[in-house]
Amino acid sequence: MGSDAASVAGIPSPRDIKVHRLMCMELIKLVTGVAMLLPAIEEARPGSNPGIQVLCQLTRALDKAKDILRHCSESSKLYLALTGNVILSRCNKSKKLLEQSLSCVQNMVPVMLATQISQLVADLGAGIFSLDPSEEEAGKVLSKLLHQYTSTTHSGEEHVFEAIQIAMRNLRITSPKDLLIENRSIKKQLEKIGEGDPPKRKILLIFLSLLNKNGKSIVAEHTENGSLQHEDSLEYEVESRLKCNHNDAQRDIFNGSRLPDEFKCPLSSRLMYDPVVIASGQTYERFWIEKWFAQGNDTCPKTKRKLVHLSSTPNNSMKDLISRWAAAHGVSVVDPSVQATVGHSWESSSTSIASLSSSMMDLSINIDFSNLSLGTSDASFASHASHSKISNDFHKGQSRESIHEMELERLTRLSSLSWESQCNLVGNIRNMLTQNGEASNWMSSDNFIQKLFRFLKDAHKCDDQDAQLLGCQSLLTVLDECGSSLPYLNDDSFALLTSLLGSEVSKEAIAIFEVLSRHQNCHHKITMSGALPILLEILDAHSRELQEAAIKILCNLSGSSKIGSLIEPSELVPKLVPFLEDTALARNCVIILHNLCNKEDARIAIAETDGCIAAVVKLLERDSRKDQEHAVDFLLSLCLQRVQYCQLVMDEGVIPELVSVSINGNNKAKAMALELLRLLKGEFSDTGEYYEPEVDIPKPPTTDFTQQKSRSQGTGIFGKFFSKRSSPTAKRINRK
């Protein structure tokens, strides 16, 4: 530890710490760990503004911690003892600031680095600061002495001598050298503060006066009584205690020497709380493997092989073994998702962190100096004014963001609250999301969303419809604001939403599905959740709002080649035909048909469905150029496959509409309309069935439609299909 600390700039040696060594040794250990990891964090810093801000906060937190250490190595021992409780508070605040900043950074770096940060956050959480009893006694004696010394009727010189004697003994100012160093330290502090801090200056002047008057006598008495203590032996005792405590804590928390390797997550090397098995057969901590997937990785971290899917299965047998082992060895298994949540509320308000940082160096001692005169030019300083300033600063620091942080802090303990309290909390968060446009940005963290999903699951289990509505509304707002940074969601989340599609919150559940369907990495999970059959059923329902959302979801899903193959065209296509006449929904329906067109069974379903092609052709007559574009795109894709499809399109009298689009449509629609006209002319100009438009069709480009035609001559399943139709066109094409 010493060598590590020495390698970090700005951290004093443990031997230089004058008072509060136990606390400072613990702080040195924590600061060293953070400082050693900081270069890797800076190298992996995210490019977003929140990432840069959090990194700056972490750097400031380190600087504040180093300030505490320097303060304890340079200041007067008497003054450090007097302000012991303040130093203790500053150490705890500094630890918390480092912990919160690292928790924020943890969610913005690659998962391998995040696991190291997680371990460091755990170390920070386990760090304990406490005052040394003898130094604490010295501080109480000095505080009482100052109160009496500054009162109008304080006790006599004998009491003053006794008090300063106890303080000097407990603080090991027991030799002429120690006395000289303490005097110089006080004078340096006085030079440093100048006239800027009257209360502190008055205290230091009192201490200097007391040492000049009583110091030599007290040191002489200590020397005569043989009570001089050896500094080296004390340092050895302190360091031994710290080392012993640290080792005991490590054994209590991790039992590293006895922890079986199979119980450790390969990513974090820590005891697994929620082990899951992925496609490679390897077991990981759910939290870390989901973060691994969420960062775009599709390989197994251990085997480095590409995974066939990103789903995970709970390893209940492993979890049972870990629980038994932990109970037998007295080890508590930490949930990493709960640890990660600590930082999310801090991401929302850099002002809160800055406020905490700025307040860490403030010292306030409740002593009235109005009756004290040391012959200086300093006027009296009323303690009431000092307290008033602190109170005002505190209230100015309070903001709506701090209230939000309190709610998020409660969210980390959501499952421990009563059901009524959970509902109230989620209701408050929903209102915050609605009223504060920026709240969704700092709440859109993966663990926050997981907590909402857990609440929604509990609400569904107990059939609390009001709670289900609260959960769905909150989730919808957060997910809608996530944009491209949607967190990883497990299979259970999608299954839960599917189970809600037929409930009283169907509208909210399908709206959430619509948001999720915009993200390609969710397509497979939506399909595997069993949502597709329900979406098809919704198309037959009478709720226009649900139908519109269902069509949007199907439109998004159909764009994925893997998912498109799972949609049954013979069921879907007939359901879409009525919506092709709907001005608002027709475009999405045509996009679905176009996306399905790359499969032969879908093309057959389209050809066999009465009114499907006719409805698409009618879209060419609309004023919407975008609708015209998608309609021509679909018809061209269909006709390029087989000549028989061209005949079906021709039967709908498409030529006049194509000519109109080739003249009046947008640029893309014009080009595709001309290409389709050339294709139809090439197929049917010799049969007399092609209607010659009264416009010049440019010669076809390098595309050889003759090759396309010859490629489409096979009959196979298509001939079999047309043999069943009673359409005159189909029969005429079949006879050819």
Side-chain angles (χ1 to χ4, degrees), residues 555 558-574 576-577 580 589-617 619-620 628-655 657-658 661 668-669 671-687 689-690 697 700-725 727 729-736:
C555 182
S558 65
S560 173
S561 57
K562 293 181 180 179
I563 304 304
S565 63
L566 299 175
I567 298 176
E568 184 58 50
S570 61
E571 293 184 22
L572 175 59
V573 175
L576 294 178
V577 173
L580 288 169
C589 292
V590 174
I591 293 173
I592 295 173
L593 294 175
H594 179 269
N595 290 336
L596 295 178
C597 232
N598 59 350
K599 299 291 182 180
E600 180 65 18
D601 60 341
R603 294 192 292 269
I604 292 174
I606 291 169
E608 284 187 321
T609 301
D610 292 335
C612 182
I613 295 177
V616 176
V617 171
L619 294 178
L620 299 176
Q628 293 175 353
E629 175 191 323
H630 287 292
V632 175
D633 194 10
F634 162 71
L635 294 173
L636 179 59
S637 299
L638 185 65
C639 290
L640 284 173
Q641 300 300 322
R642 288 181 181 274
V643 65
Q644 289 90 339
Y645 295 132
C646 295
Q647 182 65 60
L648 293 176
V649 172
M650 284 284 291
D651 286 349
E652 302 300 334
V654 73
I655 300 301
E657 283 73 21
L658 286 177
V661 173
K668 190 173 180 181
M672 290 188 294
L674 288 172
E675 187 173 354
L676 182 53
L677 284 169
R678 287 193 295 268
L679 175 61
L680 295 176
K681 181 178 181 180
E683 296 290 358
F684 298 105
S685 59
D686 297 334
T687 66
E689 296 183 37
Y690 178 78
I697 301 176
T702 55
T703 305
D704 189 353
F705 289 111
T706 305
Q707 294 180 5
Q708 190 74 284
K709 177 180 177 181
S710 63
R711 188 176 71 243
S712 307
Q713 290 300 318
T715 54
I717 189 173
F718 199 87
K720 189 175 181 181
F721 151 64
F722 272 118
S723 64
K724 297 180 181 179
R725 291 180 57 87
S727 166
T729 301
K731 291 180 179 178
R732 185 168 63 253
I733 295 174
N734 219 16
R735 285 197 297 271
K736 292 181 181 181

Which value, rounded to the nearest 0.5 Å, describes the distance between [X] atom [atom1] and [Y] atom [atom2]?
| X | Y | atom1 | atom2 | value |
| --- | --- | --- | --- | --- |
| Glu652 | Leu635 | CD | CG | 10.0 Å |
| Leu596 | Glu568 | CG | CD | 10.5 Å |
| Cys589 | Leu576 | SG | CG | 5.0 Å |
| His630 | Ile592 | NE2 | CD1 | 12.0 Å |
| Leu593 | Leu572 | CG | CG | 7.5 Å |
| Leu676 | Ser637 | CG | OG | 10.0 Å |

If you take all heavy atoms of [X] and [Y], which pair is closest and at what distance?
| X | Y | result |
| --- | --- | --- |
| Pro569 | Pro574 | O-CD, 3.9 Å |
| Val617 | Glu657 | O-CG, 4.5 Å |
| Val573 | Cys612 | CG1-SG, 4.0 Å |
| Ser558 | Asn595 | OG-ND2, 2.9 Å |
| Leu648 | Ile613 | CB-CD1, 3.9 Å |
| Tyr645 | Cys639 | O-SG, 4.2 Å |

Under the side-chain contact (heavy atoms from CB on, under 4.5 Å) rule, what do Gln647 and Asp651 come out as? Steps first, then yes or no, please.
-> CA-CA 6 Å; Gln647 182 65 60; Asp651 286 349; 3.0 Å; yes
Name all residues meeting the side-chain contact (heavy atoms from CB on, under 4.5 Å) criterion together with Cys597; count only those two or more places apart in sequence or in a different chain, and write none if there are none.
->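 Applying side-chain contact (heavy atoms from CB on, under 4.5 Å) to Cys597 gives Arg603, Ile606, Phe634, Leu638.
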For Ala673, which residues count as a side-chain contact (heavy atoms from CB on, under 4.5 Å) partner, sequence neighbours excluded?
->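 Once residues adjacent in sequence are excluded, the partners of Ala673 under the side-chain contact (heavy atoms from CB on, under 4.5 Å) criterion are Val632, Leu658, Val661, Ser662.
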Hey, does Leu679 have a side-chain heavy atom less than 4.5 Å from the side chain of Glu675?
->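 In short, these two side chains do not touch, never coming nearer than 4.5 Å.
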